[in-house]
Amino acid sequence: MKVYEGQLDGSGMSFGLVISRFNDFITRRLVDGCLDALKRNGASEDAIEMAYVPGAFEIPLAAKKMAGTGRFDAVITLGAVIRGSTSHFDFVAGQAARGVSTASMETGVPIIFGVITTETIEQAIERAGTRLTNRGFEAGQSAIEMVQVLKQLG
Ligand code: INI
């Protein structure tokens, strides 16, 4: 039996981060968590580029553009869509998820969905907490794992 499994070693990898400014009191914490995960697992700061967009709705286009440059092994998207504060939650959250997935499939570059979608601000704060409860941290680890496993698959 042959098993393909990515290890958490991000040394030599390059990453593009797309971050939405909307709800930036949350997205800033996701960025901190993500950078922590990447650096803890061997990625160099010089190999990380960050692009800011207004809201989660705009994330897919910027992520696709970043992925298309060929400069990155993976792109990581970070955002926060909170139902409590918007009536068009479903459109914004749905479009962000669908757009990120499409961009990843079209470019062949792993694009990680680190956009949290919650009912309340309290839930958003919980998901942007310390390492183990920070979705940005998880997104950073997922990016490394995906790059590794895709490499193994050849
Ligand atoms: N964008 C978010 O990232 N999170 C939200 O919770 C949100 N709400 O509440 O509306 C939000 N809206 C802005 C949207 O992403 C676009 O930036 C805007 O519609 C312009 O296209």
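Whatever order the structure lists ligands and atoms in, that order sets their numbers, starting from 1. All values below were derived from every heavy atom in this structure, side-chain atoms included, with hydrogens, water molecules and symmetry-related copies excluded.
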K.L.:
Would one find an N or O of Ala56, backbone or side chain, under 3.5 Å from an N or O of ligand 1?
P.N.:
yes
K.L.:
Which atoms from ligand 1 have a heavy atom of His88 less than 4.0 Å away?
P.N.:
10 (O)
K.L.:
Just to check, does Ala80 reach to within less than 4.0 Å of ligand 1 when the distance is taken from its heavy atoms?
P.N.:
yes
K.L.:
Are Ile125 and Thr120 packed together at the side-chain level, in the sense that at least one heavy-atom pair is separated by less than 4.5 angstrom?
P.N.:
no
K.L.:
Using a 4.0 Å cut-off to any heavy atom of Asn23, which atoms of ligand 1 qualify?
P.N.:
4 (N), 5 (C), 6 (O)
K.L.:
Should you measure from each heavy atom of Gly55, which atoms of ligand 1 turn up under 4.0 Å away?
P.N.:
1 (N), 3 (O), 15 (O), 17 (O)
K.L.:
Hey, is ligand 1 close enough to Phe57 that some N/O pair sits below 3.5 Å?
P.N.:
yes
K.L.:
Using 0.5 Å steps for rounding, measure from the CD atom of Glu145 to the CD atom of Glu138.
P.N.:
11.0 Å
K.L.:
Of all the atoms in ligand 1, which lie at a distance below 4.0 Å from a heavy atom belonging to Ile82?
P.N.:
6 (O)
K.L.:
Would you check if the side chain of Ser104 reaches a backbone N or O of Ile111 as a donor-acceptor pair within less than 3.5 Å?
P.N.:
yes
K.L.:
Using modelled atom types only, decide if a donor and an acceptor are shared between the side chain of Asn41 and the backbone of Asp9 within a distance under 3.5 Å.
P.N.:
no
K.L.:
Can you name the residues that form a side-chain hydrogen bond (donor to acceptor under 3.5 Å, both in side chains) with Arg71, not counting sequence neighbours?
P.N.:
Glu49
K.L.:
For the side chain of Thr102 and the backbone of Arg98, is there at least one donor-acceptor N/O pair under 3.5 Å apart?
P.N.:
yes
